[in-house]
Number of protein chains: 2
Amino acid sequence: MTTRTDALTRREQILKEAARLFAERGFHGVGVDEIGAAVGISGPGLYRHFPGKDAMLAELLVGISGRLLTGAKRRLAEADPAAGPGVVLDSLIEGHIDFALDDRPLITLHDRELDRLRDSDRKLVRQLQRQYVELWVGVLCEVYPDVAEPSARSAVHSVFGLLNSTPHLGRPGSLPGRGVTAGLLHRMARGAFGAVAAE
Amino acid sequence: MTTRTDALTRREQILKEAARLFAERGFHGVGVDEIGAAVGISGPGLYRHFPGKDAMLAELLVGISGRLLTGAKRRLAEADPAAGPGVVLDSLIEGHIDFALDDRPLITLHDRELDRLRDSDRKLVRQLQRQYVELWVGVLCEVYPDVAEPSARSAVHSVFGLLNSTPHLGRPGSLPGRGVTAGLLHRMARGAFGAVAAE
DNA sequence: CCTTCAGGTTAACGACCGCTAACCTCCCTG
DNA sequence: CAGGGAGGTTAGCGGTCGTTAACCTGAAGG
């Protein structure tokens, strides 16, 4: 039991602030002193919780990829088999949008700082990402049986680009409301997928 | 007359290699010695061509934003007024796809390293980017008069995310051919825009 | 033939950064 | 009430990085 009520452990505080700082200024652009200052301790105190700066990034990226994948697997398993593949695709889109709207710094890190990882961690993250993509590709090919797999894969990557554009959509305050934005993104993703088949 | 035939000046060589390296490992992740080595000279020799490392990034980002904007303005001006706004939108999409496919490192830098710029340069780039976005928003609102401006702006940013996903689409060799990829992206962008109106 | 200058070179400086060492201070527990 | 570990602190080391200084060279031009 890591998290109890609403109180974040020091370790979770560090991860959250590190994610924000890494997203804002890049992994190499943030010093450990800044990360420490963001949680109220100073510099080397971080080494009581993490073996090094790299380990924070690794835990963030592995965590993101893992949560995306397990969430998608759960949605796939919980889907009503009689409802048809379109409903499953909608569920995947909804889950990804929730993540993109709630964890914007992590979305930014996700495809930006992967190359700063140690080889073993990078391979793990890439494997999780690939499984996630292939899961989408499988569902997409069920919804649109006429679409070839390579086209489906490209389409999935492109729609991820669309959904992950949330960091560019302005501050959460200036958005027209979370539900409205989510709906807009959902319709656009569906529209983009629907246009793949029309060749 | 900067470029003559096909020979790149030393200055252009440096910019090209710097763009590639910055895109691969991030601005802070690349040293001046590496940039120099990539063009066959060593380290501080770069300072005969640029006042500093920052200046290379600044010239790259200002160049990208400027070329995108002027290209879009040209397409808007050259469009046949009788052809209708849909054709203009297609022309904008086509231009952006050409850029995304031909200058993938610059696409990566475009929205990743903006914050590493000096204040004045960053303001200039942001202004160029904003003009580019507003130009798209204007055309989009002509094609879909029922779409409100804020929704149109969000939609444009999201479609940029979709079109700029080309760096994630695998190496140019593994793609099914430039024309096919361009067509796929174009249809998806159109499909995404078309789905905005259906609320 | 001498000068000039564009475009290189290497050496080195100063700042910064990740990390370690050494030490301190509560709080929990037998 | 000892004592030990969790979680801090500051000082400082070693390496890297951007930048400058000083010097070299080959080609153009009067």
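Sequence lines set the chain letters: A, B, ... in the order given, protein chains first and strands last, and positions in each chain run from 1.
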For nucleotides 4-11 of chain C, list the nitrogen or oxygen atoms of the protein found under 3.5 Å from its nitrogen or oxygen atoms, one pair per line.
| from | atom 1 | to | atom 2 | distance (Å) |
| --- | --- | --- | --- | --- |
| C/dG8 | OP1 | B/Arg10 | NH1 | 2.8 |
| C/dG8 | OP2 | B/His49 | NE2 | 2.8 |
| C/dG8 | N7 | B/Arg48 | NE | 2.9 |
| C/dG8 | O6 | B/Arg48 | NH2 | 2.1 |
| C/dT9 | OP1 | B/Ser42 | N | 3.4 |
| C/dT9 | OP2 | B/Ser42 | N | 3.0 |
| C/dT9 | OP2 | B/Ser42 | O | 3.4 |

query = With a 4.5 Å heavy-atom cut-off, do B/Leu162 and B/Leu185 have their side chains touching?
reply = yes
ask   = Do A/Phe160 and A/His96 have ring centres separated by under 6.0 Å?
value = yes
inquiry  = If you define the side chain from C-beta out and look only at heavy atoms, does anything of B/Val156 sit under 4.5 Å from B/Glu134?
reply    = no
Give me, pair by pair, the N or O atoms of the protein and of nucleotides 14-18 of chain D that are less than 3.5 Å apart, along with how far apart they are.
| from | atom 1 | to | atom 2 | distance (Å) |
| --- | --- | --- | --- | --- |
| D/dG18 | OP1 | B/Val30 | O | 3.2 |
| D/dG18 | OP1 | B/Lys53 | NZ | 2.4 |
| D/dG18 | OP2 | B/Val32 | N | 2.9 |

ask   = To the nearest angstrom, how far is B/Ile35 atom CD1 from D/dT19 atom P?
value = 10 Å
query = What pairs with B/Asp119 under salt bridge (charged side-chain N to carboxylate O under 4.0 Å, His left out), at least two apart in sequence or on another chain?
reply = B/Arg122
ask   = Do the side-chain N and O atoms of A/Arg75 and A/Ser91 include a donor-acceptor pair separated by under 3.5 angstrom?
value = yes
query = Do the side chains of B/His110 and B/Ser65 get nearer than 4.5 Å, heavy atoms only?
reply = yes
query = Does the B/Ser154 side chain pair with the main chain of B/Ser151, one donor and one acceptor, at a distance under 3.5 Å?
reply = no
key: Lys NZ or Arg CZ of B/Lys53 over B/Phe22 ring: under 6.0 Å, within 45°   = no
